[in-house]
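Down below is the structure, laid out as structure tokens.
Owing to the predicted nature of the structure, the values given are computational and were not obtained by experimental measurement.
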Amino acid sequence: MPTDHPANAPGAPGSAPGLALELLVHGVGGTTAAQMLGDPRTERVTGDGTAAIHRRTDDTDAEQRPEDYTGRAVPEAYCWSNLTSGNGARALWLILLPFMVANLAHWTRPASYGRARTVRLHGLLVRLLALSLTVLLVAAACEVALDLVAWQCAGAARCAGDRSWLAFLAAPDESAAPGSWWSRPGRRLALAAVLPAAVTALLWWLSHRTWSAYESQPPLERTVPEGAPAAEGRPPLSLPGFWYGKRLVARLRAAHTAAGLLTVAAALTAATAGHDRAPGGSTPLDLTGRLLTGLVLAGAGWVLFVVCGRGRKETAPDDGADSLAVRGLPPASLAVLLSAVVHTGWSRPDWTSRGTLPGDETFSVLAVLQGTLVVALGVLGLRLHRRTRVPRTALRGTASGCVAMLACSLGGVLSGGVCQRVGDWLDGPGASGGSGGRIPGPPAILTWQASVIPVLLVLVLLLAGWSAVRVWRETRRLTDDVAAGYPEALPDPSRSRRIAATIARAGLTDRAPRLVAAVAAATLVMGAAAVLGTLLTGQVPGQATDGAPGVVARSADAVQAFGSWLVGFAFVLLLAWGRRAYRDASARRTIGILWDVGTFWPRCAHPFAPPCYAERAVPDLAWRMAMWTDRRPERRLVISGHSQGSVLAAAAVWQLDPGTRSQVALLTYGSPLERLYGRWFPAYFGPHRLAALHGDLECWRNLWRLTDPIGGPVRPERAGAPEPGPPEDCRGVDRGPLRDPVAYGRTRALPLPEPILAHGDYQADPAFAEERAGLLARLADRARRALPAADACPCPPQDQDAGRRPGRQPDRRGSGAADPQAAQTGPLRPGRAGPRGRAG
């Protein structure tokens with residue numbers, strides 16, 4: 001970047017105020033630098049092809065001619081969309097969706113003060129649930145490769161005879177000549193173990209590669225500065241190690257990789273145990289199998305010790321190396337797996353494959369374990385919330401349990417979907433798991449779980465219908481209020497209805513927690529019913545209801561068939577979507593939007609979750625702001641964030657030291673900081689945290705609309721935080737609700753109808769330019785006061801400013817600034833209530 005002009009150096013005559021910088025950060029879905037800067041000619045000034053800061057070509061040498069920027073800021077655009085929606089290989093991240101949701105469950109815990117043990121227990125429960133999801137995915141791969149293909153289909157002449165690719169594995173008929181060398185059951189299983197082992201290796205590779213590419217960025221600070229408050233007294237996002245947890249990710253990656261390998265080894269040893277321990281079995285092979293079983297159990301205990309032994313460390317970057325006992329866990333597990341492969345493939349001439357492979361009860365055990373952990377998380381969250389109540393916390397503290405339940409549901413759909421789909425494909429015309437099929441099919445628990453999906457679908461449709469009725473009623477109620485918000489225009493019923501409907505639909509965001517809770521509770525109850533049905537009958541629903549009244553039997557057959565089709569269809573749809581995203585850039589961007597929301601948080605519960613883009617973006621922004629203001633008190637900086645960009649901007653500002661933070665103003669618009677993050681992540685973005693951030697900044701202004709389904713007011717002043725508040729002249733943060741559309745009908749200045757902008761194009765509203773000008777004026781006043789008295793003002797400081805915090809001053813806004821209270825205008829009549837839950 002060009003060097004600074006001498007006239008812009010600190011203390012130089014005539015240098016106050018110095019250059020101002022407006023750092024723009026886009027939101028979900030991303031945009032180009034040309035669109036953000038409003039100029040097709042842009043240049044990258046720092047960064048790489050993944051994330052970079054751009055300027056207009058005409059502004060690249062702004063530091064060498066500061067006189068050209070008097071009264072305006074140098075705009076820069078930080079583009080980070082390639083962190084989440086870049087090349088086509090990232091479409092593979094779709095299979096990591098359950099892991100991502102499980103990782104979110106860690107961050108949704110309620111706020112807590114002085115409850116360190118309870119917080120650590122919460123993190124431990126989430127890590128154990130995340131570990132169960134890894135075991136579930138690998139167990140599903142074992143079920144497909146070992147049981148359905150190598151054991152059932154290859155061992156049945158009717159199934160293998162129609163598939164030429166299975167001919168070398170097919171077991172011979174009794175009247176036929178001996179089969180190939182691979183036709184022995186043990187050798188078939190040993191060969192099929194390559195698939196689940198490869199799945200585990202792929203997950204390890206993705207986690208290792210994405211950490212190096214996205215998350216290995218040095219933080220701005222290395223330790224808590226001398227004299228700073230203790231870690232317990234600082235907002236978590238301001239701690240230097242919050243966005244750098246290399247050691248924990250590496251530790252969990254080793255444990256989960258070992259768990260996957262040991263799951264494959266356990267499946268192989270369980271398959272041979274029944275034959276070797278039966279009368280006539282081989283004693284040496286039996287002893288070897290018992291030894292392998294002991295090694296598998298010892299490895300499982302080792303994995304649990306590693307997962308339970310250590311959580312996050314945030315007071316300093318966690319970049320140390322673990323002990324050899326942790327780093328050696330995956331190689332040791334691989335050695336156990338290779339030994340199990342050799343043991344399974346050993347010659348057993350009298351061994352034949354019949355029925356299903358031993359180990360079907362694994363899925364029932366995992367379901368019970370996950371349900372227990374989900375209930376424990378819910379109870380723990382409720383207890384934390386009752387002891388430390390934070391306003392507007394979602395689901396009264398049970399959000400962790402609900403999110404964890406959704407993660408388990410997604411894991412069940414993916415694992416059960418692939419098993420059901422492969423089972424139906426191999427079974428041919430017969431019903432998978434039913435009588436008359438070529439193979440017994442997948443475990444009964446998976447069929448029971450698939451059978452509850454139609455019931456859940458009916459519940460979701462009922463909730464959707466209820467929401468549609470609420471939207472219709474809200475639209476009717478708000479139609480007159482919308483027209484009253486534009487007293488200068490002639491009423492147009494159809495126009496008012498469209499605006500009111502947009503506001504009503506946006507209000508669904510505030511009712512989303514109830515919908516999530518209803519679906520999570522129903523999933524937990526129906527999952528328990530599926531486990532109970534499996535344990536009591538040991539059969540699929542259609543067979544278990546034989547002899548029942550006709551309506552019951554027919555309903556069971558219907559939900560079993562429809563559920564099996566639905567879960568298989570969901571899995572195929574996911575693969576098709578991923579394939580399309582690999583080829584289609586627009587579809588790839590859509591998938592990237594999902595990760596923009598779900599992968600903001602670091603990987604602290606599941607190492608195989610998609611990478612955390614904020615561990616690259618937040619250090620980028622923090623370093624840029626710190627370098628711009630470093631030792632230059634006359635410098636000014638407004639960081640301007642839209643949607644998810646406002647969350648990144650706030651997180652980056654938290655990483656600055658207090659002195660730098662006082663030189664920065666924050667402008668957010670369409671921001672989910674309080675509406676989504678404050679409710680679902682109260683420990684990190686609750687009102688008390690936002691109030692602390694507001695108090696440290698020079699000023700913060702937030703723009704929002706009633707029509708916006710994502711953004712909303714911030715309201716840190718309602719938290720009652722003990723931290724010192726901002727000066728009275730910047731007490732308010734929110735400006736809104738803004739009018740949307742800006743003009744109700746056709747006017748002389750706007751002869752064509754204006755669109756309803758909802759979540760987009762906030763910069764088109766005049767309020768945006770007014771607030772930006774006001775923030776720059778405040779920063780200019782601060783810069784003048786920060787310079788030496790001889791250069792800034794020959795007058796002595798006024799007594800009324802005595803005792804004020806450094807960097808704080810009375811309001812001296814430029815003429816473009818708007819009064820915060822007078823700006824609270826919108827499409828509703830003053831004094832009348834807006835839609836319930838929008839602003840209160």
Side-chain angles (χ1 to χ4, degrees), residues 92-102 128-149 151-152 192-193 195-200 202-203 206 256 259-264 266-267 270 356-357 359-371 373-374 404-426 432-433 441-453 456 523-524 526-528 530-531 534 540 560 563-575 577-578 606 608-609:
L92 293 174
W93 293 355
L94 280 171
I95 65 174
L96 310 180
L97 185 60
F99 305 155
M100 181 187 74
V101 180
L128 290 176
L129 184 136
L131 181 65
S132 73
L133 287 175
T134 298
V135 175
L136 177 63
L137 179 64
V138 178
C142 291
E143 172 63 26
V144 169
L146 275 65
D147 188 11
L148 295 177
V149 175
W151 184 265
Q152 295 186 29
L195 176 61
V199 169
T200 305
L202 175 64
L203 293 174
L206 284 174
H256 282 243
L261 297 175
L262 290 173
T263 300
V264 185
T356 61
L357 197 67
D360 284 359
E361 62 277 2
T362 301
F363 294 95
S364 297
V365 172
L366 287 174
V368 172
L369 174 64
Q370 290 175 351
L373 291 173
V374 165
M405 187 69 252
L406 295 181
C408 296
S409 302
L410 289 170
V413 168
L414 285 177
S415 58
V418 65
C419 294
Q420 290 286 340
R421 186 64 265 165
V422 173
D424 291 344
W425 172 57
L426 295 176
S432 181
I445 179 64
L446 297 182
T447 305
W448 275 92
Q449 290 175 340
S451 299
V452 305
I453 291 181
L456 279 175
T523 303
L524 180 63
M526 294 181 187
V531 173
T534 304
V540 297
Q560 176 181 327
S564 178
W565 179 85
L566 276 179
V567 73
F569 175 75
F571 178 74
V572 172
L573 182 64
L574 189 66
L575 292 180
W577 195 12
H606 207 303
F608 297 155

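Among all heavy-atom pairs drawn from Ile445 and Asp360, the shortest one is CG2-O, 4.5 Å. Between Ala193 and Val264, the shortest heavy-atom contact is CB-CG1, 3.9 Å. A pairwise comparison of heavy atoms in Leu131 and Ala259 identifies CD1-CB, 3.7 Å as the closest pair.
In this structure, the separation between CZ on Phe99 and CG on Leu206 is 10.5 Å, given to the nearest 0.5 Å. Rounded to the nearest 0.5 angstrom, Gln449 CD and Thr523 OG1 are separated by 11.0 Å.
In this structure, Leu133 and Phe608 have side chains that are not in contact, with every pair of non-hydrogen atoms separated by 4.5 Å or more.
Applying the side-chain hydrogen bond (donor to acceptor under 3.5 Å, both in side chains) criterion to Gln370, with sequence neighbours excluded, gives Ser132. Residues meeting the side chain to side chain contact (heavy atoms under 4.5 Å, CB included) test with Val368, sequence neighbours left out: Thr372, Val531. Applying the side-chain hydrogen bond (donor to acceptor under 3.5 Å, both in side chains) test to Thr134 and every residue at least two apart in sequence or in another chain returns His256, His606. Listed by chain and residue number, Ile453, Pro454, Leu457, Phe562 satisfy the side chain to side chain contact (heavy atoms under 4.5 Å, CB included) test with Leu566 (two or more places apart in sequence, or in another chain). For Leu373, the side chain to side chain contact (heavy atoms under 4.5 Å, CB included) test picks out Leu125, Leu128, Leu129, Leu369, with sequence neighbours left out.
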side-chain contact (heavy atoms from CB on, under 4.5 Å) evaluation trace for Thr356 with Trp151
CA-CA 7 Å; Thr356 61; Trp151 184 265; 5.6 Å; no

Would you sort out whether Trp565 and Asp424 count as a side-chain contact (heavy atoms from CB on, under 4.5 Å), showing the intermediate values?
CA-CA 9 Å; Trp565 179 85; Asp424 291 344; over 6 Å; no

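Thr200 contributes a side-chain N or O that, together with a main-chain N or O of Pro196, makes up a donor-acceptor pair within less than 3.5 Å.
Among residues at least two apart or in separate chains, there is no side-chain hydrogen bond (donor to acceptor under 3.5 Å, both in side chains) pair with a member in residues 406-419.
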Under 3.5 Å, which donor-acceptor pairs do the side chains of residues 137-148 form with other protein atoms, sequence neighbours left out?
residue : atom : partner : partner atom : Å
Asp147  : OD1  : Gln152  : NE2          : 2.9
Asp147  : OD1  : Leu357  : N            : 3.1
Asp147  : OD2  : Gln152  : NE2          : 3.2

